[in-house]
Protein chains: 2
Amino acid sequence: MPLPETQIPGRLQAYFSERGIRITQQRRAVLRVIETATKHLDASQILRKVQRVDASVDRSTVYRTLQLLKRHGLIDELDLMHIRGEGHYYERKMNREHIHIACLRCGKITEFVTSTYDKLKQQVEKDCHFKILVSRLEVGGYCSACRQ
Amino acid sequence: MPLPETQIPGRLQAYFSERGIRITQQRRAVLRVIETATKHLDASQILRKVQRVDASVDRSTVYRTLQLLKRHGLIDELDLMHIRGEGHYYERKMNREHIHIACLRCGKITEFVTSTYDKLKQQVEKDCHFKILVSRLEVGGYCSACRQ
DNA sequence: TTTCTAGTTGCGACTCGGTCGCATCTGCTG
DNA sequence: CAGCAGATGCGACCGAGTCGCAACTAGAAA
Ligand SMILES: [Mn+2]
Ligand SMILES: [Mn+2]
Ligand SMILES: [Zn+2]
Ligand SMILES: [Zn+2]
């Protein structure tokens with residue numbers, strides 16, 4: 001059950017300055033939170049963490065920064081099978097794409113990397129004559145612990 | 001580019017009566033709409049179609065019926081890459097699971113069936129010791145037409 | 001057929017995630 | 001250090017989805 005590798009922090013900010021995207025105090029804080037996250041965070045969790053650094057940061061700034069990151073393909077947006085509420089979760093795009101596995105009973109989220117996923121995407125690109133920019137595979141069910 | 005096969009109508013209602021789930025006028029209408037749909041519908045589209053049969057049916061009844069169908073694993077809930085708004089789309093669960101491919105430019109949704117997807121799910125079940133109940137693979141990008 | 005009741009519905013109010021317009025502020029370039 | 005394009009905070013707004021409750025009805029039982 002291979003796990004995805006973590007990544008060098010500061011990369012998002014580097015990407016911004018390279019592209020001439022303005023770096024503000026608020027954005028720096030949001031990028032930091034996303035880069036140092038150890039689990040999937042939703043917008044309100046990101047906001048709370050950001051506000052521990054700068055309490056004046058507004059909800060809409062977080063949403064606007066998330067939009068920006070999405071537009072540049074720097075983060076992925078996840079549903080995680082709506083384990084909790086209707087909102088979205090976010091994570092840095094890793095070198096290697098991975099699958100999200102959500103236990104519908106205990107709520108545990110597992111990440112899984114496999115070359116079969118890469119092959120499948122290649123097959124879609126070839127057979128459907130489609131250029132994939134973003135992909136998302138989420139599965140829900142029961143983990144081994146929750147089936148006794 | 002194989003396409004998923006359609007299915008016999010009346011099945012959802014049959015499932016309900018077999019299980020002793022009460023069939024009401026409103027539910028009958030919602031099931032009909034879902035069974036005869038030729039594309040992915042969101043809750044408000046389903047409501048509008050249902051109301052053409054019985055104008056008194058309420059929004060919340062549609063949502064409650066969708067919940068019921070989800071709980072019984074009779075429909076799948078899709079994001080379709082949020083092509084339009086933040087809501088969900090619904091479709092009858094087919095014999096064969098399929099992938100959803102969304103063109104981010106023209107909005108076209110393509111369905112794609114491949115055994116690689118089945119293999120991938122089997123691999124997840126085996127390698128992660130996980131019992132899959134529901135899965136969803138959505139990809140976004142550009143279709144051949146939209147790349148000239 | 002009529003009666004009875006658990007389950008369902010319509011309604012209105014509500015929550016929650018996300019967006020937007022606008023006045024103010026600030027990163028950045030010169 | 002001045003100027004301004006672009007970003008922020010704020011508040012109002014929107015749409016999707018949920019919920020409590022009184023009224024209604026499907027369908028089993030008499
Ligand atoms: Mn969803
Ligand atoms: Mn979504
Ligand atoms: Zn579990
Ligand atoms: Zn297209």
Side-chain angles (χ1 to χ4, degrees), chain A residues 12-34 40-51 53-72 75-90, chain B residues 12-33 40-51 53-72 75 77-90:
Chain A
L12 293 177
Q13 190 175 323
Y15 179 98
F16 273 34
S17 51
E18 277 163 28
R19 300 267 177 142
I21 301 168
R22 192 169 295 186
I23 297 166
T24 62
Q25 290 300 321
Q26 296 87 331
R27 283 184 180 169
R28 208 189 316 272
V30 174
L31 301 192
R32 255 287 136 71
V33 166
I34 290 171
H40 307 93
L41 303 173
D42 65 25
S44 64
Q45 291 173 314
I46 293 171
L47 176 63
R48 244 180 294 128
K49 279 177 185 283
V50 166
Q51 287 183 334
V53 177
D54 178 350
S56 70
V57 176
D58 191 72
R59 230 156 55 88
S60 56
T61 299
V62 169
Y63 280 113
R64 286 193 273 238
T65 306
L66 288 172
Q67 274 183 150
L68 184 63
L69 290 165
K70 248 193 290 176
R71 238 183 298 127
H72 286 266
I75 55 171
D76 275 323
E77 188 177 62
L78 309 169
D79 274 21
L80 299 184
M81 287 295 157
H82 295 295
I83 287 288
R84 184 215 131 220
E86 290 287 320
H88 290 122
Y89 295 86
Y90 300 91
Chain B
L12 293 178
Q13 191 175 323
Y15 180 97
F16 272 34
S17 50
E18 277 164 28
R19 301 268 176 138
I21 300 169
R22 192 170 294 184
I23 296 165
T24 61
Q25 291 299 322
Q26 296 88 330
R27 283 183 179 170
R28 210 189 315 274
V30 174
L31 301 190
R32 254 287 134 72
V33 168
H40 306 92
L41 303 173
D42 64 26
S44 65
Q45 291 172 314
I46 293 170
L47 176 64
R48 242 180 295 131
K49 280 178 186 283
V50 165
Q51 287 184 332
V53 177
D54 178 350
S56 70
V57 176
D58 191 72
R59 233 154 49 87
S60 57
T61 300
V62 170
Y63 279 113
R64 287 192 273 238
T65 306
L66 289 172
Q67 274 183 149
L68 184 63
L69 290 165
K70 249 192 289 177
R71 239 184 294 128
H72 283 81
I75 55 171
E77 189 178 62
L78 309 169
D79 272 23
L80 300 183
M81 286 295 155
H82 295 295
I83 286 288
R84 185 214 130 219
E86 290 288 317
H88 289 124
Y89 295 86
Y90 299 92

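Numbered from 1 within each chain, the chains take letters A, B, ... in sequence-line order. Just so it is clear, the model here is predicted, and its values are computed rather than measured.
Distance CZ/A:Arg22 to CZ/A:Phe16: 13.0 Å, rounded to 0.5 Å. With rounding to the nearest 0.5 angstrom, the CG atom of A:Asp79 is 4.0 Å from the CG atom of B:Asp79. The CG atom of A:Leu41 lies 8.0 Å from the CD1 atom of A:Ile34; values are rounded to the nearest 0.5 Å. Taking CD1 of B:Ile75 as the start and CG of B:Leu66 as the end, the distance is 5.0 Å to the nearest 0.5 Å. Here the CD-OG distance, from A:Gln51 to A:Ser44, works out to 10.5 Å after rounding to the nearest 0.5 Å.
The C1' atoms of five pairs define one axis at each end of the helix from C:dT1-D:dA30 to C:dG30-D:dC1, and these two axes lie 40° apart (to 10°).
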Please set out all donor-acceptor pairs under 3.5 angstrom arising from side-chain atoms of residues 56-63 of chain B, sequence neighbours excluded.
residue: B:Ser56; atom: OG; partner: B:Asp54; partner atom: OD1; Å: 2.7
residue: B:Asp58; atom: OD2; partner: B:Ser60; partner atom: N; Å: 3.0
residue: B:Asp58; atom: OD2; partner: B:Ser60; partner atom: OG; Å: 2.7
residue: B:Ser60; atom: OG; partner: B:Arg64; partner atom: NH2; Å: 3.3

- prompt: Where along nucleotides 25-30 of chain D does protein come under 4.0 Å, by heavy atom, of base (B) or sugar-phosphate alone (S), with - for untouched nucleotides?
  reply: BBS---

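Judged as a side chain to side chain contact (heavy atoms under 4.5 Å, CB included), and not counting sequence neighbours, the contacts of B:Glu86 are A:His88, B:His82. Among residues two or more places apart in sequence or in another chain, the side-chain hydrogen bond (donor to acceptor under 3.5 Å, both in side chains) test is passed with B:Arg19 by B:Tyr15. Qualifying side-chain hydrogen bond (donor to acceptor under 3.5 Å, both in side chains) partners for B:Tyr90, counting only residues two or more places apart in sequence or in other chains: B:Glu77. In terms of the side chain to side chain contact (heavy atoms under 4.5 Å, CB included) criterion, residue partners of A:Gln13 (sequence neighbours excluded) are, by chain and number, A:Ile23, A:Arg28, A:Leu31.
Heavy-atom contacts of chain B under 4.0 Å fall on DNA chain C between two terminal nucleotides, which in 5' to 3' order are C:dA6 to C:dG18.
The CD-C1' distance, from A:Gln67 to D:dT8, rounds to 14 Å in whole Å. Atom pair A:Gln51:CD and D:dT8:C1' shows a separation of 14 Å (rounding to whole Å applied). Rounded to whole Å, atom P of D:dA16 lies 15 Å from atom CG of A:Asp79. Rounding to whole angstrom units, CZ of residue B:Arg71 and P of D:dT18 are separated by 11 Å. In this structure, CZ of A:Arg19 is placed 19 Å from C1' of D:dG6, rounded to the nearest angstrom.
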- prompt: Which is it for A:Arg27 and A:Leu68 under the side-chain contact (heavy atoms from CB on, under 4.5 Å) test, yes or no, and what are the steps along the way?
  reply: CA-CA 10 Å; A:Arg27 283 184 180 169; A:Leu68 184 63; 3.7 Å; yes

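For the OP1/OP2 pair of D:dG17 and a distance below 4.0 Å, the side-chain nitrogens and oxygens of B:His88 include at least one atom meeting the criterion.
Looking at every heavy atom in both residues, A:His40 comes nearest to A:Tyr89 through O-CD2, 3.7 Å.
Comparing B:Leu68 and B:Glu86 by the nucleotide of DNA chain C that holds the closest heavy atom to each, the one mapping nearer the 5' end is B:Leu68. Position along DNA chain D of the nearest nucleotide to A:Asp58 versus B:Tyr63 favours A:Asp58 as the more 5'-ward residue.
Judged as a salt bridge (Lys or Arg N to Asp or Glu O under 4.0 Å), the pairs with a partner in residues 42-51 of chain B (not counting sequence neighbours) are, in order, B:Asp42-B:Arg84.
Nucleic acid contact class of B:Arg59 (heavy atoms, under 4.0 Å, all strands): base.
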Table of protein N/O atoms under 3.5 Å from nucleotides 20-24 of chain D N/O atoms:
residue: D:dG20; atom: O6; partner: B:Arg64; partner atom: NH1; Å: 3.4

